[in-house]
Amino acid sequence: MDAVSGGNGGLWGWKWEHQRRRIKQSKASKSSDSATGGGGYRFPLKQAVTAGALALTGDTVAQVTDRWKKNKPSKQHSFDQDASQNSNDNQDFIGTFLSGHDWLRALRMTSYGFLLYGPGSYAWYQCLDHCLPKQTVKNLMLKVLLNQIVLGPSVIAVIFAWNNLWQGKLSQLPEKYQRDALPTLLYGFRFWIPVSILNFWYIFCPFLVCFL
């Protein structure tokens, strides 16, 4: 009876001992994976590079547009303007672009996209998919809403801090938040709400088609 019940190391005692050994081996394996980086955090390089490239492109377009408006001639040129004048205008535009471009600002925005926005937005969308996994209209609208009331303010807070840190103006950050944070958020709603709807709808539509 003792042999069956495992009172002195019988059948059940062997099973418990075997289970303890398996648990120890599993823990050792996980510890080894963690030490070698197998199960640790992996930097989302693809998302970071994409965000950095988009940030650089957006900042370049913004800078060029701003300089173009400032340097735009006050008078309108006639359509019969000669080719040499057009060539000079093109050279002047290229020269203005190269000489007046704020490369430090471009680096600041690129590094923000690569180091902060890319990995941060990737983690955010992973969290949304985990918390709202079902592809329903209700979840789509919830994702759009959460994007505006959570991600939007977070992005504004981080990018303001990042810019002021690079410019050595951290002491002015509270004043900038009070002055510019809310107007920036409200202005961004006009662009980011439609973009978020299209983004989540693009994911939702293929799922919906499967049930039609």
Give me the ring orientation class for F160 and Y177: parallel if the planes are under 30° apart, tilted from 30 to 60°, perpendicular past 60°. parallel
Please collect all salt bridge (Lys or Arg N to Asp or Glu O under 4.0 Å) contacts where either partner lies in residues 44-62, sequence neighbours excluded, each pair once. D59-R105
List in chain and number order the residues that pass side-chain contact (heavy atoms from CB on, under 4.5 Å) with S171, two or more places apart in sequence or in another chain; answer none if no residue qualifies. none
If hydrophobic clusters are built from ILVMFWY residues whose side chains come within less than 4.5 Å, do W124 and Y41 share one? yes
Counterpart residues, side-chain hydrogen bond (donor to acceptor under 3.5 Å, both in side chains), relative to S196 (two or more places apart): N147, Q148
According to a 4.5 Å side-chain heavy-atom criterion applied to Ile, Leu, Val, Met, Phe, Trp and Tyr, with indirect links allowed, do I197 and L186 form part of one hydrophobic cluster? yes
Hphob cluster co-occupancy, V137 + L128, side-chain heavy atoms under 4.5 angstrom: yes
Would you list the atom pairs, donor with acceptor, under 3.5 Å between side chains in residues 187-194 and any protein atom, with sequence neighbours excluded?
none

Could you pull out the closest heavy-atom pair between P119 and G113, with the gap in Å? CD-O, 4.2 Å
Taking side-chain hydrogen bond (donor to acceptor under 3.5 Å, both in side chains) as the definition, give me every residue that meets it alongside D180, ordered by chain and number, with sequence neighbours left out. K176
Kindly work out whether a path of hydrophobic side-chain contacts (I/L/V/M/F/W/Y, heavy atoms less than 4.5 Å apart) joins L54 to Y117. no
Rounded to the nearest 0.5 Å, how far does CG of L140 lie from CD of Q135? 8.0 Å
Return each pair, listed once, that meets salt bridge (Lys or Arg N to Asp or Glu O under 4.0 Å) where at least one residue sits in residues 106-120; pairs must be two or more places apart or across chains. none
Is there a continuous path of hydrophobic side-chain contacts, each under 4.5 Å between heavy atoms, that joins F114 to V158? yes
For L185, run the side chain to side chain contact (heavy atoms under 4.5 Å, CB included) check against V155, I149, I156 and tell me which one passes. I156
Ring-plane angle category for W162 and W166, please: parallel below 30°, perpendicular beyond 60°, tilted otherwise. tilted
Dump the intermediate steps for side-chain contact (heavy atoms from CB on, under 4.5 Å) on L146 and L151, then the final yes or no. CA-CA 7 Å; L146 289 172; L151 181 63; over 6 Å; no
Using side-chain contact (heavy atoms from CB on, under 4.5 Å) as the criterion, list what pairs up with A55, not counting sequence neighbours. none
So salt bridge (Lys or Arg N to Asp or Glu O under 4.0 Å) across residues 135-156, not counting sequence neighbours, yields D129-K143
Check: A62 main-chain N/O paired with T65 side-chain donor or acceptor under 3.5 Å: no
Only counting residues at least two apart or in another chain, list the ones meeting side-chain hydrogen bond (donor to acceptor under 3.5 Å, both in side chains) with D66. K70
Mind checking what makes side-chain contact (heavy atoms from CB on, under 4.5 Å) contact with L56, not counting sequence neighbours? T60, A106, T110
Would you give the length of the straight line joining atom OG1 of T136 to atom CE of M141, rounded to the nearest 0.5 angstrom? 11.0 Å
Return the CG to SG distance between N139 and C131, rounded to the nearest 0.5 Å. 10.5 Å
Full working for side-chain contact (heavy atoms from CB on, under 4.5 Å) between L132 and F200: CA-CA 12 Å; L132 302 169; F200 292 122; over 6 Å; no
Hits for ring pair (Phe, Tyr, Trp, His ring centres under 6.0 Å) against Y122, two or more places apart or cross-chain, chain-then-number order -> none
Sequence neighbours excluded, the answer for side-chain hydrogen bond (donor to acceptor under 3.5 Å, both in side chains) partners of K169 is none
